> 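Questions regarding the structure given below will be posed in turn.
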Amino acid sequence: MKRRVFSLSAALVLLLSAPGLCAAQEREDRTLLGMDAMRAIINEASGERAMHHIMEFVPYVRVRPIEEYKAHFRESEAMVNFAKQYGYSSAEIESYPTTGVQFQATQAELWMVEPEVRKLFDIYDVPLALAGSAPQGEVTAELIDIGMGQPQNINGMDFKGKFVLVGQGGTRQGVQGNVGFIGYNNLRPDDQPDMIGQGGGGGGGGGAQLTNWQVSPRVGRELAGILARGQKVVLKSVIKGETVPGEIELVHMTIAGDGSSRQSIAISCHLHEGYIKQGANDDASGCALTLEAGRAYLALVNQGKLPKPKRTLHFLGVPEISGTNAYLNAHPEIASTMVADLNYDMDGLRLATNGSFWVVHRTPDTFPSYLNDVAQSFVE
């Protein structure tokens, strides 16, 4: 069964929409393309192929090997290899050095040593459990629970040399002298008790000198329950890793226009959101979709079912925000030709499961664009 044909078709509709493209064809009321073009797109576009892309980008959430920082990242190489296979006009990886550095853990384990000995988390099982940068070494300390962490509830508490457990939606304000935070923060802790939120809670942003872990609501509540029964909890954190140089790495691919227009269109996604985190949904799914949209378009052009694009199409798989800025700054001659950017983010999200919904954003009246009507037509 084909998945995501709806979104893939939408991508192609947006790429192709232009005055007069299908004027001679009978139009279907809900689309901007004629029925022949729509049927061709639906028959060619494959959500299964988009899923195959994701499986090559992020086969599982893994600890990124140090070797990838010295060459190219797995996702970048996979995207370029697919594009070359599909017949894109060009496909290349661009890299821009930065002054920043980041820490990549090669070992990180969180243990309970009292009241029993049990491994709670290992980054090779759940990489997101280690929240942010952390000092290397072994830290063993007693755990203290501050719940929501409201200032009025923690006055007089002794945090020196202890791990601090921060509950759902809690704050670290006023906590000093501790060795680290153990946070559990999840948008839906009751529906998803074993899911770990990215950062947030007490787990992230505690500073380079603190050992921060982000645990699941189930484990966080268990630890809080043990403490509430008056038992002592002692945790041990073991962390090893390397500092790697900062870098902006992005993928740039093109489908050349037919030469009749100097204008171009960008189709973007963020292949990376911090190199330590790999996100199958956020946003490898958007990159997988745009890659498949380009493949399907090229296939239909070669079959004579769709015309070549008038405008050159620039596909960008970038680190979120920073990669877009880096590319545009490095290529002002290309940026000056771009009339629109179609950005795809988290296209693998299951709306009902995650309590989300479609939203249409329009440009302000002071900056009118026909793309407003294209987007509204697509959603309707």
Side-chain angles (χ1 to χ4, degrees), residues 2-45 47 50 254-270 283 285-301 305-316 318 321 324 328 334-349 351-352 356-380:
K2 290 189 176 182
R3 299 190 185 99
R4 304 297 298 170
V5 170
F6 184 65
S7 286
L8 290 170
S9 299
L12 289 169
V13 169
L14 288 169
L15 295 185
L16 292 168
S17 295
L21 178 63
C22 301
Q25 298 181 4
E26 178 183 357
R27 292 185 181 275
E28 204 278 347
D29 288 346
R30 294 167 298 169
T31 72
L32 293 174
L33 299 182
M35 283 306 298
D36 288 346
M38 288 302 301
R39 289 192 188 99
I41 292 171
I42 291 170
N43 286 331
E44 182 63 39
T254 64
I255 295 178
D258 64 8
S260 63
S261 174
R262 183 180 171 275
Q263 294 178 339
S264 68
I265 294 176
I267 299 94
S268 64
C269 57
H270 66 270
D283 177 37
S285 64
C287 296
L289 183 150
T290 59
L291 186 59
E292 168 58 9
R295 183 209 66 82
Y297 185 21
L298 286 169
L300 293 172
V301 170
K305 295 179 179 179
L306 291 178
K308 292 182 179 180
K310 295 180 180 298
R311 305 164 181 83
T312 293
L313 309 178
H314 294 275
F315 293 78
L316 293 169
V318 300
I321 301 175
T324 303
L328 295 177
I334 295 177
S336 65
T337 71
M338 292 180 177
V339 296
D341 174 29
L342 310 175
N343 183 66
Y344 289 86
D345 195 344
M346 296 178 66
D347 283 86
L349 180 71
L351 299 178
S356 191
F357 43 84
W358 283 101
V359 178
V360 180
H361 291 279
R362 299 175 64 88
T363 62
D365 292 341
T366 54
F367 189 56
S369 170
Y370 76 91
L371 288 177
N372 288 328
D373 296 327
V374 173
Q376 182 168 333
S377 175
F378 153 54
V379 173
E380 288 176 352

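Given the structure is predicted, the values throughout are model-derived calculations rather than measurements.
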> Out of curiosity, Leu289 CG to Asp347 CG, how far, rounded to the nearest 0.5 Å?
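Spacing of CG (Leu289) from CG (Asp347) equals 5.0 Å.
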
> Taking Asp283 for the side chain and His270 for the main chain, is one N or O donor matched with an acceptor at less than 3.5 Å?
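A pair under 3.5 Å: yes.
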
> Distance from Ile334 atom CD1 to Thr312 atom OG1, nearest 0.5 Å?
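Answer for the CD1-OG1 pair, Ile334 versus Thr312, is 9.0 Å.
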
> Taking Ser377 for its side chain and Val374 for its backbone only, find out whether a donor-acceptor pair lies under 3.5 Å.
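The answer is no, because no donor-acceptor pair under 3.5 Å joins these two groups.
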
> What are the two closest non-hydrogen atoms of Glu44 and Leu300, and how far apart are they?
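For Glu44 versus Leu300, the nearest heavy atoms are CB-CD2, 3.9 Å.
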
> Quick one: OG on Ser261 to CZ on Arg311, what's the gap to the nearest 0.5 Å?
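Answer for the OG-CZ pair, Ser261 versus Arg311, is 5.0 Å.
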
> Give the minimum heavy-atom separation between Ala37 and Leu33, together with the two atoms involved.
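Result for this residue pair: CB-CB, 4.2 Å.
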
> How long is the gap from CE on Met338 to CG on Leu313, to the nearest 0.5 Å?
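With rounding to 0.5 Å, CE (Met338) is 10.5 Å from CG (Leu313).
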
> Where is the tightest heavy-atom contact between Gly286 and Cys269, given as atom of each residue plus distance?
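Minimum heavy-atom contact is C-CB, 3.8 Å.
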
> Distance check, rounded to the nearest 0.5 Å: Leu328 atom CG versus Ser336 atom OG?
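Those atoms lie 10.5 Å apart.
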
> So Thr337 and Gln263, side-chain contact (heavy atoms from CB on, under 4.5 Å) or not? Walk me through it.
CA-CA 5 Å; Thr337 71; Gln263 294 178 339; 5.7 Å; no

> Tell me, please, which residues at least two apart from Asn372 pass side-chain hydrogen bond (donor to acceptor under 3.5 Å, both in side chains).
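For Asn372 the side-chain hydrogen bond (donor to acceptor under 3.5 Å, both in side chains) partners, ignoring immediate neighbours, are Thr363.
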
> Could you measure the distance from the CD1 atom of Ile265 to the CG atom of Leu342? Nearest 0.5 Å is fine.
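Answer for the CD1-CG pair, Ile265 versus Leu342, is 6.5 Å.
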
> Of all the heavy-atom pairs spanning Pro309 and Ile255, show the shortest one and how long it is.
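Closest approach of Pro309 to Ile255: CG-CG2, 4.1 Å.
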
> Passes side-chain contact (heavy atoms from CB on, under 4.5 Å), Arg39 versus Asp36? Steps please.
CA-CA 5 Å; Arg39 289 192 188 99; Asp36 288 346; 3.6 Å; yes

> Partners of Asp345 by side-chain hydrogen bond (donor to acceptor under 3.5 Å, both in side chains), sequence neighbours excluded?
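Checked Asp345 against side-chain hydrogen bond (donor to acceptor under 3.5 Å, both in side chains); zero matches.
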
> Nearest heavy-atom pair of Val301 and Lys308: which atoms, and what distance?
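Heavy atoms of Val301 and Lys308 come nearest at CG1-CG, 3.7 Å.
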
> Could you tell me which non-hydrogen atom of Ser268 sits nearest to which non-hydrogen atom of Asn343, and how far apart they are?
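What the structure gives for the nearest pair is OG-OD1, 2.8 Å.
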
